[in-house]
Amino acid sequence: MIARLIIWALKARAGLAAVVITTNFSGLAVIVIELWLSGSLTVLGAEWLRSTAVVGIYPALGLVFGVVLAVRDRSQHFGWLDAGRRPTEAEARQVLRLPIIITTRALAVWSIGIILGPLILVQLAPNTDPMVTAALFALGGFESVGLTFLIVDRLIRPTIPVVAAVLGPTMHWSSSVLVRVVVSWAVASALPLLMLIVVLANPVADPNDRVRTAIYLSIVGLGVGALATAFLARAVASPMRMLRAALDRITKGELDVRVPVGSTSEIGRLENSVNELAANLSERQRMRDLFGRHVGTEVAERALAGGLDLTGDVRTVTALFVDVTGSVELSTGLPPEEFVAKLNRLLATVVAATEENNGLVNKFEGDAALCIFGAPIALRDNATPALRAARRIRDEVVAAGELDIGIGVAHGPVFAGDVGSDTRLEYTVIGDAVNEAARLTSEAKEVPRRILVSGSVIEAAAAHEGAKWALYETILLRGMKQPTACWTDIDKRAVAKTRNRPETPVVHPDPTPGRSTVEVSTTTTEPD
């Protein structure tokens with residue numbers, strides 16, 4: 001109900017004027033009732049009504065003046081709302097200053113009335129105490145001014161989200177929590193108690209009138225205090241509940257949370273900070289995901305956790321290198337987009353096989369890829385998953401039938417860490433194992449099974465995985481000083497066919513002329 005009334009007062013052209021009328025009449029009513037209850041009006045005699053009308057001339061003129069200015073303020077400060085557009089920066093700042101502008105003007109108008117009213121009343125009723133009368137007028141005027149501030153401040157609150165969107169995180173001192181609490185306390189508690197003190201201290205008032213006025217002020221103070229406290233508590237508790245719920249969702253990973261900024265006080269700044277927190281965390285997550293796609297999730301986590309320092313260490317890893325056979329001919333014989341599509345499907349296979357075996361796709365080099373097992377995450381056995389990944393990549397590429405590849409796998413110590421400068425870093429691995437894997441890849445393109453691994457990989461792998469590989473030949477790789485024992489995986493289908501064939505005699509020449517020896521040769525191996 002109150003929210004709908006506020007929206008109406010904000011949108012209606014006479015809404016601000018209605019607020020001014022209400023607050024001024026409330027202050028005037030407080031003064032008149034106090035004067036009546038305290039017996040100050042009875043001393044005017046039979047002409048009390050005419051005398052009251054004379055005293056009320058200035059309040060009436062002040063009310064008309066305030067209403068005219070309120071109508072003007074409405075068109076000046078909320079013209080953008082009537083036009084259905086966002087306010088300019090200057091208009092947004094005017095909206096924030098509106099409560100203090102109207103309150104200051106009301107205080108000026110009431111200040112004159114506080115002086116004129118008691119002077120006129122004392123002239124009409126010399127028996128009244130001038131100090132008590134002046135105090136009652138002053139307290140009633142201050143009550144009206146405080147109420148004006150609280151109501152106008154509440155009136156502009158629905159516009160704050162639009163204002164905050166224009167000005168960003170902003171705050172006006174007049175709408176701080178401290179100011180609201182102090183004004184609410186003054187209106188609800190301090191001023192009614194001061195009025196009670198003034199009435200009880202009135203030397204010309206009848207004791208019965210004092211008691212009656214004291215009871216009235218006590219009831220008013222209790223009622224207004226309860227209402228003011230309830231409104232103030234709700235103004236603080238409601239956004240706090242919303243902020244708590246938003247933070248709970250953020251802690252659960254829901255980073256699309258946004259809280260409407262409904263105030264220019266400290267609470268509004270807090271609401272804006274929560275929105276910035278969610279936006280920054282969302283951007284950080286986006287950068288983490290994007291960074292992880294380029295360098296790998298593990299490297300991204302390592303970089304975000306460790307900062308920009310150049311770090312690294314020597315690790316014993318297994319390096320797997322994949323390269324496409326005849327890529328130059330393919331790229332010249334196919335449309336670029338078709339060749340790239342095939343290449344992306346190959347690299348997707350490489351990434352899936354590597355990551356599912358706890359490896360890292362360290363880099364793509366055109367139509368080739370370097371995969372590392374054992375860095376940056378150390379593995380107790382990094383050779384076995386590398387061999388599994390090599391077989392899976394080869395099998396899926398052969399099944400697809402789009403490209404021909406070579407895969408080389410090597411094992412040994414390398415430097416694994418960041419290289420570069422303070423402004424540009426790259427996580428990489430450097431060592432003989434990487435070079436050996438690249439050389440084996442070149443040789444593997446000519447091997448029927450398209451995989452060659454060094455003997456050190458087989459030695460480091462688990463026995464059940466090593467049983468699936470057989471020595472192919474010993475090759476002096478380019479750039480290497482010593483020959484490398486190269487292994488390739490066993491073709492299980494060929495083994496099965498061999499087992500099903502009858503024993504085949506192999507004839508070896510006998511050194512004795514005219515004779516020869518016959519052996520029965522069979523091929524056996526361990527099952528996969």
Side-chain angles (χ1 to χ4, degrees), residues 295-296 299 312 314-325 327 346-347 349-351 353-355 357-379 381-395 397 403-417 419 426-461 465-466 468-489:
V295 300
V299 176
V314 175
R315 296 275 189 92
T316 298
V317 304
T318 301
L320 185 154
F321 204 86
V322 183
D323 193 15
V324 176
T325 302
S327 59
L346 165 66
L347 297 179
T349 299
V350 173
V351 170
T354 302
E355 292 184 348
N357 283 282
N358 300 318
L360 166 70
V361 180
N362 182 237
K363 63 185 65 177
F364 296 125
E365 298 179 353
D367 56 356
L370 172 62
C371 308
I372 304 299
F373 296 83
I377 298 178
L379 301 175
D381 174 12
N382 55 59
T384 301
L387 293 176
R388 283 200 304 265
R391 290 189 289 108
R392 174 177 168 180
I393 294 170
R394 189 272 324 282
D395 292 344
V397 170
L403 297 172
D404 191 12
I405 61 171
I407 301 176
V409 186
H411 180 82
V414 298
F415 169 82
V419 296
E426 180 182 6
Y427 185 84
T428 189
V429 288
I430 301 173
D432 289 342
V434 178
N435 298 330
E436 188 177 31
R439 303 292 186 270
L440 287 169
T441 302
S442 299
E443 298 293 335
K445 295 178 181 179
E446 307 299 328
V447 174
R449 301 290 290 165
R450 295 296 190 266
I451 304 177
L452 283 181
V453 304
S454 65
S456 58
V457 180
I458 303 299
E459 293 174 1
E465 178 64 35
K468 300 171 184 177
W469 300 78
L471 180 64
Y472 181 73
E473 61 181 335
T474 300
I475 304 173
L476 181 62
L477 300 175
R478 180 170 56 88
M480 301 294 177
K481 296 180 180 180
Q482 299 295 330
T484 300
C486 301
W487 295 61
T488 190
D489 68 320

TODO: Just jot down the salt bridge (Lys or Arg N to Asp or Glu O under 4.0 Å) partners of Asp489, sequence neighbours excluded, or say none.
DONE: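 Arg394, Arg449.
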Task: Residues which pass salt bridge (Lys or Arg N to Asp or Glu O under 4.0 Å) with Asp404, listed by chain and number, not counting sequence neighbours - done: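 Result, salt bridge (Lys or Arg N to Asp or Glu O under 4.0 Å) vs Asp404: Arg450.
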Please report the shortest heavy-atom distance between [X] and [Y], naming the atom on each side.
{"X": "Asp323", "Y": "Asp367", "value": "OD1-OD1, 3.3 Å"}
{"X": "Leu387", "Y": "Ala461", "value": "CD1-CB, 3.7 Å"}
{"X": "Gly374", "Y": "Leu379", "value": "N-CD1, 4.0 Å"}
{"X": "Cys371", "Y": "Val350", "value": "SG-CG1, 3.6 Å"}
{"X": "Ala437", "Y": "Ala410", "value": "N-CB, 3.7 Å"}
{"X": "Leu320", "Y": "Ala386", "value": "CD1-O, 3.5 Å"}

Task: Name of the residue among Val397, Val453, Thr441, Ile393 meeting side-chain contact (heavy atoms from CB on, under 4.5 Å) with Ile407 - done: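 Among the candidates, only Ile393 passes.
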So, taking the atom named [atom1] in [X] and the one named [atom2] in [Y], what distance separates them when rounded to the nearest 0.5 Å?
{"X": "Ile458", "Y": "Cys486", "atom1": "CD1", "atom2": "SG", "result": "10.5 Å"}
{"X": "Gln482", "Y": "Leu476", "atom1": "CD", "atom2": "CG", "result": "8.5 Å"}
{"X": "Leu403", "Y": "Leu346", "atom1": "CG", "atom2": "CG", "result": "5.5 Å"}
{"X": "Leu440", "Y": "Ile451", "atom1": "CG", "atom2": "CD1", "result": "11.5 Å"}
{"X": "Ile475", "Y": "Met480", "atom1": "CD1", "atom2": "CE", "result": "12.0 Å"}

- [ ] I would like to know whether Trp469 and Val457 meet side-chain contact (heavy atoms from CB on, under 4.5 Å); could you show each step before the answer?
- [x] CA-CA 11 Å; Trp469 300 78; Val457 180; over 6 Å; no
Those residues that, when tested against [X], pass side-chain contact (heavy atoms from CB on, under 4.5 Å) (two or more places apart):
{"X": "Ala485", "result": "Leu471, Thr474, Trp487"}
{"X": "Leu370", "result": "Ala319, Phe321, Asn362, Lys363, Ile372, Val429, Val434"}
{"X": "Ser442", "result": "none"}
{"X": "Val447", "result": "Leu452, Tyr472, Thr488"}

Looking at residues at least two apart in the chain, or sitting in another chain, which of them share a side-chain hydrogen bond (donor to acceptor under 3.5 Å, both in side chains) with [X]?
{"X": "Thr354", "result": "none"}
{"X": "Thr349", "result": "none"}
{"X": "Thr316", "result": "none"}

- [ ] Output every pair passing salt bridge (Lys or Arg N to Asp or Glu O under 4.0 Å) with a member in residues 427-444, not counting sequence neighbours, ordered by first then second residue.
- [x]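 Matches after skipping sequence neighbours: none remain.
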Open item on the list: Set out, in order, the CA-CA distance, both residues' side-chain angles and the distance that settles side-chain contact (heavy atoms from CB on, under 4.5 Å) for Phe373 and Arg388, then state yes or no.
Closed with: CA-CA 11 Å; Phe373 296 83; Arg388 283 200 304 265; over 6 Å; no
Open item on the list: For residues 405-415, which residue pairs pass the side-chain hydrogen bond (donor to acceptor under 3.5 Å, both in side chains) check, not counting sequence neighbours?
Closed with: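 Every side-chain hydrogen bond (donor to acceptor under 3.5 Å, both in side chains) pair that includes a residue of residues 405-415, provided the two are not neighbours, is Thr318-His411, Asn382-His411.
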